[in-house]
Amino acid sequence: MTIDEAPAGAPARAARSRREPRPGFWLTNEFGLLALILLFGLLFATLANGFLSPFNLFALGRTAAVNIVIGLSMMAVIVTGGLNLAVGAIGVSAAMACGYGVETLGLPWPLGLLGGLGLGAALGFVNGWTVVRTGLHSFIITLATMSIFFGAMIFLTRAESFRQLPPAFAAFGRAKLGGTVSPLLLVTIAVMLALVYLYRFTALGREMLAAGARPEAAELSGIRVGRVFVLCHVLSGLLAGVAALMLVARNGAAIPSMAGQLGQDWLLPAFLGPVLGGTLLNGGKVSVIGTALGALLVTMLTSGLLLLQLGEFWIQSFLGLLLLLAVLIDKARRSYLARRNLA
Amino acid sequence: ADDSRIGLVPGGPHPYFAAWDQAAKDAAKDFGLSGADYKVPQKWELSQQNQLLESMLSQGYNGFLIFPGDSVGTVSTVSEIVGNGAPVVTGAGCLKDPSEAAFCLGTDTGNSAYLGTQELLKILGPGKRIAHFTGFLVDPNTQLRIDAVAKAAKEGGATVVQVIADIDAPEPAEEKINAYLAAHAGEVDGIVTTAWVPAVVAANALRKIGDKRIKMVGIDHDEVVLKAIKDGFVSGTMLQNPYGQGYIGAFALDKLRKGCTVKADAPFKSNALTAKFIDSGTIYVAADKVDSYVDAMREKTKTLLASFGDTYLACP
Amino acid sequence: MTAIFEARGIEKSFPGVKALKGVSLTLDTHSIHALLGENGAGKSTLIKIVTGVQRPDAGTLLLDGRTVAFANPREAIAQRIGVVHQERNLIPRFSVAENIHLEQIAGHLTKPVDHAELNRQAARWLEMLGLDIDPRTPVSRLSVAQMQLVEIAKALSLRSRVLLLDEPTASLTSNETDRLFAFLKRLRDGGASLLFVSHKLEEVQEICDSVTVLRDGANACASRSMAGMGRQDIVRLMIGRAESESPRRDGAAKARQAPVALRLRGVETALGHRAIDLEVKEGEILGLYGLVGAGRTELARCIIGQSAITAGTVEVAGRPARIRDVAEAIHRHRIGYVSEDRKGNGLVLAHSVLDNAGIAVWRALSGRFGFLTNGRVRAAVAPFIDKLEVKTPSLSQTVGLLSGGNQQKISVAKWLAAGVKILIVDEPSVGIDIKTKAYLHDLLRELASAGTAVIVITSDMPEMIALADRIAVMDGYRLNGEIQNSGVYETMSEAIMGLIHRTEAAA
Amino acid sequence: MSPAALPAAGPDGALARLLRADWFGPGLVTLAAMALIGALSPSFLSPLNLQILALAIAVNALIAFSQMIIIAIGQMNLSVGAIGGLSAITFGGLMDAFGLPAPLAAGAALLVGLLCGALNGLFIVWTGISAFVITLASLSIYKGINLGVTRAEPFYGIAEGVKAFGQALVLGPLPWLAVPTILVALGLSFMLARLPIGRFVLAVGGNAHAAELSGVSVGPTVVFAHALSGMLAALAGILLVARLQIGQPTIGDDWLILSFAAPVIGGAVLAGGHVSVAATLFGTAIVAIITQALVLFNIDPFLVQIVLGALILAAVGLNRLREARLAATRRGAAR
Ligand SMILES: Nc1ncnc2c1ncn2[C@@H]1O[C@H](COP(=O)(O)OP(=O)(O)OP(=O)(O)O)[C@@H](O)[C@H]1O
Ligand SMILES: Nc1ncnc2c1ncn2[C@@H]1O[C@H](COP(=O)(O)OP(=O)(O)OP(=O)(O)O)[C@@H](O)[C@H]1O
Ligand SMILES: [Mg+2]
Ligand SMILES: [Mg+2]
């Protein structure tokens, strides 16, 4: 095979002609979100009493930590151009499995955690396998499995919570590092690092992106698209499990209602993070940092608005308006920069 | 005291709690609080309620009357709040023991369902078949209600032929209840409902099919239900006392902040969730009392309040 | 002949690229005007500006001597300027007829659509272009070539005064091309003004009256008459030097003794192929010729495991092989396939040049825990991207933003980097300029000389004859026969057409 | 039904064409389910029950159409429920608080829906931000206004005429409430199949860029689709007020999943460009029938969700099987 013997001059030219310019860091979604977070953070710090109080920062970080992982769980499937309506149902199932393992079976808690995560991944596998095998859209499959998983959980637990967990659980959820940082935030950061590694530095992560962007092309390039899609769902299930276990720590118990009826309460945070973070809904592009910043932004807006004490029934309207304002500011920044870049 | 800022927080937006708003205002005035506010989470979501509570704590609220979003899930939040020096009383619904809430002031959901069923059986007589319409299964109270209705039915010699749950939203409630009545109206003699929306929808459904043979006992004070009672389509409803919960809750929280403690030997009742339960009052309202039930409730609140401090609190 | 349309001093920049630098062009009535240039010279950009798809940064457009500015394609259509874009722009689930007449529908907002009438009208256009399909067929079911013809019919149906055709013949065979040209000539004689973009210089010389050449976004010549211009003159204008004829390969003889790399025996497929016997030896270039719809692409897809082979045997390197999916074909048997439909399934358009070029080697390059860095991929693919002279601001540029020809180069570079033993190339030079085409041919020859078995599927007869050692002819999902390529165009094309028509005569 | 489902070339008869139609699968599943349930439990086919079924379908179909028209342009509208809820309380509130006559109140509610939808569309076109984000924000805004106005308490003062309308029957078990839905379904089918604006909607969903190049005004088409979607959601809200007999502020809270489920069961392509009114109608019917069957057969309430999920899966699976068969025969016939 002579393929490797490129003409002598080529590599030198390659180096010259391609000084990879960072495609405008200032134009990225991540920068935009960061700017918005700083902007609104400053605004709330001056307007809202107690926004910067240690307890509020702690609570903010803890809520954001869980929302970020929920968002990442959805992101893992959005990569394929699909979605996972069952994130909440899987999450609750995983949490209840952990609670059952620890409380009823008397397993040591690390095994209980593993059991919960394992169930999350397994349910994700069921979703992925069904989607790939039937060729139906993941929307409809996960809509059905959402009912099935959640129903099975309710049936088996009779909606009873598990609260005889080791005190370490609740202590972990309530601990404050340095007065303001929740250890849950550290878990989230670890998860983010792992995902960045996956999508940036592994063949599997790249295959997920390529398969998601254009399955036909990926298939013709030797990627086993079906298998990769199943893995995306498994990853999603696993992350849903992580988020749920974080909530178990936060609530000090595994409770069936922690994600609401059918686990639907998770859907909003699940979509908000990725979508604001620049993950394409038709697949093939992700941003782990963006998802995290998106989730953080929304959590912060909510917290700030609550502190501002605007008419209690109107808060949701204001949240919507702020969200709209945020994306508009971002849009304006982008078109401003784009114009300047060209001039 | 003048530095008491009491927050009254339900689980989400719901007409049941509207009375808390007035109760908060009255309590602030009557007891000289520096503030008492009714604050509503935007949705019935545990996490939303938690976030609201955390935020209120940051804002300097220092006493809370809370309807727990989840009887176990809210325990941890409450203990965090208490850890920050703000006493908590649960209202309308209870936390499952052990918890750090001072006590629970509300309606014994199970008992209310039990009594309601008994009222229904009184009207129907023995050996009849009843259906039970109730709320979300994820709410552990739902299981309590199902059990209570079953128990009362068994004692009264009736059979529960069907339980329809998960109908806390009007659309599915309408669909399922109507479908049920359409197919099985002939096979059932009575209906007991133990959640707000099913009560409203079932009352309307009975009015629609115009069937006064089927007797129904509802719950809560929705206008539709009250009107149906007047018109004879519904036999009666189990009323609770939300205003009293809000008013007395705010009173007690203020006392607790002043250094009062809950008496160890207070005559608490106990229910399926907690041994520190105070009944804010449940009454069965039939057609004869529809117009006067508000006075009855006021009376109940007044008597409860009069002896509340002495009965339950030890003050310096 | 009078000037009907004129562009003066058009400029256009994209982030990182100055695509047009003061380009001028004049179109006359009663004429067909050629717009030529290498890949990325700016031809398509100019066309998009003329038809209101993009706005120019500077410069003026004149129609009938009056300045015009089109804010969107609708305004250009209203001025009876029609266009066939280089990219397919059809609504996949709409019928052929409705796609052809969409502009018409958009013109009458309140009139209910009369599908029967549309079908009738469309049938006429289809017949004129020699396209034998039911106008009610959804276009998503058409082949690339059929879509191209539909797109042409769509532009023709507008009866435009000015008609711009951006590489309309790229995926057509000579038959369809001839038909199209006859039609274009009629339009010209009727007074229309046509702009024709193509990388096939034979075609340009056949029908064009005048020519504009772009080089790197600037005029190398503006609206010159074709009279007296030879092929070499045009080439010199385009690439700045004359074309060097690459010699025919002498490896063919050697290849005849080489071991067989891929052998099909009595193969039948789920897609309808029957009795296919075919072999390629290591170091051989086998051409697969046929008219549009002959089933060549489908055969390739069956070989690489995308569709099932239902009977017969496949041998790879002498051993029987059952290839169940494409991953197996690539990673186990080292068979690569360059798709004819680069937008649809050849490339991940939304991803970078680097990701597209490296996709087939990720697995091979990744280390422990699947660890893989951009640096490692870049080292593996950059040589091939350079060799093909891909014109891109950087390796992290989105492939979808490259010019058509450059995209095609990436989809070839991918397989060069993967180092396969058997390479199936489907319509490799669609949209590639002559310089790159020569490179690509050299490259395929080089690959073959190094021992790779190459199967070339192309509808471009000159390319086939220039490249292949042996030519197999397909028609109606069967093999009609094989001939050794002598390299002499006249005799070979006659022989090939003879083979194709053998069945038609028999049938 | 869109003519996108028109048969392709080939000598196939009416039967093959029928087999290929989008609504055929869901329609078959609907009929089979009705026959099966009717056989097991005769009261299912009683007039009263059919009427209840029709009532459920009438409202849910409008919700599904409201989403379907947005799916058709390849977008999503997360605010269908919020718009429906806001319109419902507008309708109830105007009658209750201001004593407006019902037709006027209904008109105003429709206008509110239209406006909300049009605002969605305008923002999407003007900013170029994905519909998902815009409608997510507007969902919050509309729902917030609803809560702010009602403070979560229903409007009870619904005009008697409206209540009567909500219960009256046209003919046999066919309720009056179903009439607007039937008209809308017919209108939508005609629009999508024959009217230029309907074709634009599908063209934009199929390939917005190509549509733009063919002279379709993409922006106005998107705004139109959103305005229409808002109005359909409003109509659903109004009908629901008539059916429930109160102006509940919670109306619309859980429409979202349902609004997607029916079109998707009916074969709509979420990427856009392909929807079918009839199939969506059958999709709604399937969900309603399953819901009723669960009540009818007295399924343990703790099992209801499992059975519901399994039945939905079975219904779409069955339809999928048919499509796969069809594709196989088509491929076989290709040569
Ligand atoms: N939307 C865009 N964004 C960025 N760059 C672009 C865009 N469109 C075109 N370009 C760049 O502008 C240059 C001219 O492209 P154009 O498509 O006009 O070339 P062309 O002459 O048509 O080439 P080909 O023969 O390959 O079709 C190329 O370098 C291309 O990469
Ligand atoms: N009856 C049919 N229904 C739907 N699609 C068909 C039918 N017949 C053929 N096709 C499509 O038309 C195309 C015919 O094959 P195609 O034209 O690609 O053959 P080919 O020999 O590879 O020709 P070329 O390479 O010149 O395009 C295929 O893409 C196939 O999907
Ligand atoms: Mg071009
Ligand atoms: Mg082909």
Side-chain angles (χ1 to χ4, degrees), chain C residues 48 51-53 72-78 83 85 87-115 118-119 132-142 151 154 158 269-274 295 298 307 476-478, chain D residues 1-12 17 20 22 72-74 189-221 224 267-269 271-276 327-335:
Chain C
K48 285 180 191 158
T51 54
V53 179
N72 55 44
R74 243 169 308 130
E75 297 182 4
I77 293 171
V83 58
H85 286 288
E87 275 73 47
R88 299 290 68 79
N89 289 299
L90 297 169
I91 316 285
R93 285 179 187 270
F94 277 25
S95 68
V96 168
E98 208 174 353
N99 265 290
I100 292 178
H101 294 296
L102 195 55
E103 283 91 349
Q104 244 184 53
I105 299 172
H108 300 273
L109 279 179
T110 47
K111 206 172 96 191
V113 182
D114 183 351
H115 289 285
L118 288 189
N119 289 338
D132 180 24
I133 47 176
D134 187 319
R136 291 176 299 173
T137 319
V139 290
S140 57
R141 274 205 237 141
L142 303 184
E151 192 114 28
K154 180 177 164 73
L158 283 176
T269 71
L271 300 181
H273 296 86
R274 292 289 170 265
E298 278 67 16
S307 280
Y477 285 66
R478 286 167 186 274
Chain D
M1 246 240 338
S2 79
L6 264 182
D12 39 32
R17 214 173 303 167
R20 210 172 291 145
D22 261 330
I73 56 169
S189 318
F190 182 74
M191 186 191 90
L192 288 174
R194 297 287 308 279
L195 287 187
I197 184 68
R199 303 310 291 165
F200 295 169
V201 164
L202 291 170
V204 167
N207 184 343
H209 184 62
E212 170 96 48
L213 292 181
S214 304
V216 173
S217 317
V218 174
T221 304
F224 168 82
V269 176
H274 183 73
V275 297
S276 155
T329 51
R330 182 152 61 215
R331 229 177 293 125
R335 206 36 45 177

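A note on names: the letters A, B, ... follow the listed sequences, proteins ahead of strands, and every chain is numbered from 1. All of these numbers come straight from a predicted model, not from anything done at the bench.
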Legend entry - Distance-minimising heavy-atom pair for C/Arg93 and D/Val269: NH2-CG2, 3.3 Å

Legend entry - Contacting moiety of C/Lys111, where chain D heavy atoms sit under 4.5 Å: backbone

Inset, instruction - Could you look at C/His85 and say if it's the side chain, the backbone, both or neither that has a heavy atom under 4.5 Å from chain D? - result: side chain

Inset, instruction - Using side chain to side chain contact (heavy atoms under 4.5 Å, CB included) as the criterion, list what pairs up with C/Val113, not counting sequence neighbours. - result: C/Ile105, C/His115, C/Leu118, D/Pro196, D/Arg199

Legend entry - Minimum-distance pair of heavy atoms, taken over all atoms of C/Ala106 and D/Gly215: CB-O, 3.6 Å

Name the atoms and distances for all side-chain donor-acceptor pairs under 3.5 Å in residues 203-213 of chain D, with sequence neighbours left out.
from: D/Asn207; atom 1: OD1; to: D/His209; atom 2: N; distance (Å): 3.3
from: D/Asn207; atom 1: OD1; to: D/Ala210; atom 2: N; distance (Å): 3.1
from: D/Asn207; atom 1: ND2; to: C/Leu90; atom 2: O; distance (Å): 3.3

Inset, instruction - Please report the shortest heavy-atom distance between C/Leu102 and D/Ser214, naming the atom on each side. - result: CD2-CB, 3.7 Å

